Trainee: 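Quick one: the structure is below, and I'll ask about it shortly.
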Amino acid sequence: MYRAAHTARKNIHFSPTGAGRHSRGSSNQERTRLRQLLVCVVLFLTVFLGKGIFPAKLLQVRDDIVQLITYNIDFKAAFSKLGATIGGEGTLLDQLGEFCVEVFGGFSSSDVDPQQAGNLYDSSQSKIVLLTGGRQDPEELTQNLFSSDLPKLDISFDTEPVEQSEQPAAVEEPAVVPAAGTLLLKSDYSGKELPNNYTMDKLSLGDLETVTPVLGHLNSVYGYRDHPINGVYQFHGGVDIGGQTGDPISAFATGTVEYVGQDDSYGLYLQLDHGNGVKSFYAHCNKVCVSKGQSVAVGEKIAEVGSSGAATGPHLHLELKFNKTHLDPIYYIQVLEN
């Protein structure tokens, strides 16, 4: 009996050693299976999450995926079988295990320890339906899985910026300038009859570039008035612009000095010819700075403000004419407000 008991103890003593070797081999095998199971989980989640998150992208590459995954392993049949079993009887873990068998082979769902698997998967018994309708024919499920009727997202994967064609800027055509002498504004004048060769209407000066010869206050307007010296009611053929003696007088526009003169009424004066029938006349000057026949530029100094002739103070008497018809200069110059 003692020997039997001793033999039993020896058996008990050596038994754990064999069990340890078996345990280490089993552990390596389990690790291998768990790695395979993790790969399976990634594929599994890719199908379900990818279908809901980026269906359009899956549709875009579905043909390439089908060709690739069916090269050596019948993944397509495995996915079809998985879709057919989900929604039927059995737990999600069992169905996943069967799917892994189809993909990797070598182990079944019964080889997976539910306690270990529970660390990787939700242990709930909720069923996931791959496609609506519960169980379906595998071929039909496969077609539905890769169906083009799935929702599509408008996703662009272009990395190069799209060059937008630039529309040519609209070219503004230059405004058409009315020819010199064209009526621009019809006056509503209703006073005393005008002398010959005088008008209250505004006429075009063509494309003539002009400036204000002297910027000052308007002392006397164009039209009928009481003469400031003799008191006679008569027509005033220009405007009087106030200034200081010696202030420069600029050429109204580019032209040629037609004449220079002096008399008791206008004092020292000159006239410029600007072409196209347009002329300008300057009177009561203190000094004339140009001579007959001289060409002058617009804005160039041609004289100085004075009070020569019949004048009550220093000012410029300015007249404008078109083909011998006197115009109201106020249409074409600026004056200071009183």
Side-chain angles (χ1 to χ4, degrees), residues 177-185 187 194-223 225 235-263 265-311 314-336:
V177 179
T182 303
L183 178 64
L184 299 179
L185 177 65
S187 173
L194 299 177
N196 293 331
N197 300 324
Y198 287 86
T199 181
M200 290 291 186
D201 298 334
K202 180 181 180 181
L203 304 182
S204 171
L205 301 182
D207 57 358
L208 200 64
E209 181 184 357
T210 64
V211 298
T212 298
V214 172
L215 184 60
H217 293 91
L218 184 63
N219 292 342
S220 185
V221 298
Y222 173 87
R225 66 164 188 175
F235 197 89
H236 184 222
V239 293
D240 291 342
I241 305 171
Q244 301 296 322
T245 300
D247 286 347
I249 300 173
S250 302
F252 174 72
T254 297
T256 303
V257 180
E258 186 175 8
Y259 57 79
V260 175
Q262 183 174 13
D263 61 24
S265 178
Y266 288 111
L268 191 59
Y269 58 83
L270 75 147
Q271 181 164 293
L272 300 180
D273 184 354
H274 306 292
N276 293 325
V278 181
K279 299 181 180 182
S280 58
F281 178 79
Y282 312 80
H284 303 298
C285 298
N286 180 62
K287 179 183 179 182
V288 174
C289 304
V290 292
S291 57
K292 181 179 179 180
Q294 180 179 338
S295 296
V296 296
V298 58
E300 182 179 342
K301 179 180 177 181
I302 56 175
E304 294 178 358
V305 172
S307 56
S308 59
H315 69 279
L316 169 64
H317 174 82
L318 175 66
E319 297 181 8
L320 292 179
K321 308 166 187 176
F322 174 73
N323 288 342
K324 298 182 179 181
T325 299
H326 289 71
L327 308 175
D328 186 351
I330 202 63
Y331 287 131
Y332 312 97
I333 65 171
Q334 294 178 333
V335 293
L336 296 177

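No hydrogens, no waters, no symmetry mates; every other heavy atom, side chains included, goes into these values. Here the structure is a predicted model, which means the values were calculated and not measured.
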Trainee: Within 45 degrees of the axis of the six-membered ring of Phe322 and under 6.0 Å from its centre: does Lys279 put its NZ or CZ there?
Mentor: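 Output no; distance or angle outside limits.
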Trainee: Looking at every heavy atom in both Pro314 and Thr245, which two are closest together, and how far apart are they?
Mentor: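 Taking every non-hydrogen atom into account, CB-OG1, 3.5 Å.
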Trainee: Just verifying a value: how many Å separate Ser187 OG and Lys202 NZ, rounded to the nearest 0.5 Å?
Mentor: 12.5 Å
Trainee: Which of parallel (below 30°), tilted (30 to 60°) and perpendicular (above 60°) describes Tyr266 and Phe281?
Mentor: perpendicular
Trainee: Using atom types as modelled and distance alone, determine if a side-chain donor or acceptor of His284 lies under 3.5 Å from a backbone N or O of Ser308.
Mentor: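 Yes: the side chain of His284 pairs with the backbone of Ser308.
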Trainee: Distance from Asn197 atom CG to Leu327 atom CG, nearest 0.5 Å?
Mentor: 11.0 Å
Trainee: Please report the shortest heavy-atom distance between Met200 and Tyr331, naming the atom on each side.
Mentor: O-OH, 2.9 Å
Trainee: Are side-chain heavy atoms of Val296 and Val257 found at a separation under 4.5 Å?
Mentor: yes
Trainee: Look only at the side chain of Thr212 and the backbone of Gln334, and say whether a donor-acceptor pair between them is shorter than 3.5 Å.
Mentor: yes
Trainee: Under a 4.0 Å threshold between the charged nitrogen and the carboxylate oxygen, would Lys292 count as salt-bridged to Glu258?
Mentor: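 The answer is no: the pair does not qualify as a salt bridge.
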Trainee: Got a donor-acceptor contact below 3.5 angstrom from the His236 side chain to the Gly238 backbone?
Mentor: yes
Trainee: Nearest heavy-atom pair of Ile330 and Val239: which atoms, and what distance?
Mentor: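 Between these two residues, the closest heavy atoms are N-CG1, 4.5 Å.
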Trainee: Can you see which heavy atom on Val298 is nearest to which on Phe252, and at what distance?
Mentor: CG2-O, 3.7 Å
Trainee: Walk me through it: do Asn276 and Leu208 pass the test side chain to side chain contact (heavy atoms under 4.5 Å, CB included)?
Mentor: CA-CA 9 Å; Asn276 293 325; Leu208 200 64; over 6 Å; no
Trainee: Okay, side chain of Ser204, backbone of Pro178: is any donor-acceptor separation there less than 3.5 Å?
Mentor: yes
Trainee: When you measure from the side chain of Asp263 to the backbone N and O of Ser265, does any donor-acceptor pair fall under 3.5 Å?
Mentor: yes
Trainee: Using the side chain to side chain contact (heavy atoms under 4.5 Å, CB included) rule, take Arg225 and Ser220 through it: C-alpha gap first, then chi angles, then the decisive distance, then the call.
Mentor: CA-CA 9 Å; Arg225 66 164 188 175; Ser220 185; 2.8 Å; yes
Trainee: Are Leu336 and Leu215 packed together at the side-chain level, in the sense that at least one heavy-atom pair is separated by less than 4.5 angstrom?
Mentor: yes
Trainee: Let me confirm one number: the CG-NZ distance from Asp273 to Lys321, rounded to the nearest 0.5 Å.
Mentor: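 Result: 10.5 Å between the selected atoms.
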Trainee: Between Val290 and Leu270, is there a side-chain heavy-atom distance shorter than 4.5 Å?
Mentor: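 Result yes, sub-4.5 Å side-chain heavy-atom pair found.
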Trainee: Could you tell me whether Asp247 and Lys301 make a salt bridge, using a distance below 4.0 angstrom between a side-chain N and a carboxylate O?
Mentor: no
Trainee: For Leu318 and Pro329, which heavy atoms make the closest approach, and how far apart are they?
Mentor: O-CG, 3.5 Å
Trainee: Between Ile302 and Val288, does a side chain to side chain contact (heavy atoms under 4.5 Å, CB included) hold up when you go through it step by step?
Mentor: CA-CA 6 Å; Ile302 56 175; Val288 174; over 6 Å; no
Trainee: Enter the distance from Asp201:CG to Thr199:OG1 here, rounded to the nearest 0.5 Å.
Mentor: 3.5 Å
Trainee: Specify the closest pair of heavy atoms between Ala251 and Leu272, including all atoms of both residues, with the distance to one decimal.
Mentor: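 Taking Ala251 first and Leu272 second, the nearest heavy atoms are CB-CD1, 3.8 Å.
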Trainee: Ring centres under 6.0 Å, that's the criterion: do Phe235 and Tyr222 meet it?
Mentor: yes
Trainee: Does the side chain of Asn219 pick up a donor-acceptor pair with the side chain of His315 at under 3.5 Å?
Mentor: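 No, no side-chain donor-acceptor pair sits under 3.5 Å.
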Trainee: With a 4.5 Å cut-off on side-chain heavy atoms, are Val214 and Ile333 touching?
Mentor: no
Trainee: Indicate whether any N or O donor in one side chain lies under 3.5 Å from an N or O acceptor in the other, for Thr254 and His274.
Mentor: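 No, no side-chain donor-acceptor pair sits under 3.5 Å.
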Trainee: Evaluate Tyr282 against Val305 for side chain to side chain contact (heavy atoms under 4.5 Å, CB included), listing each step before the verdict.
Mentor: CA-CA 10 Å; Tyr282 312 80; Val305 172; over 6 Å; no
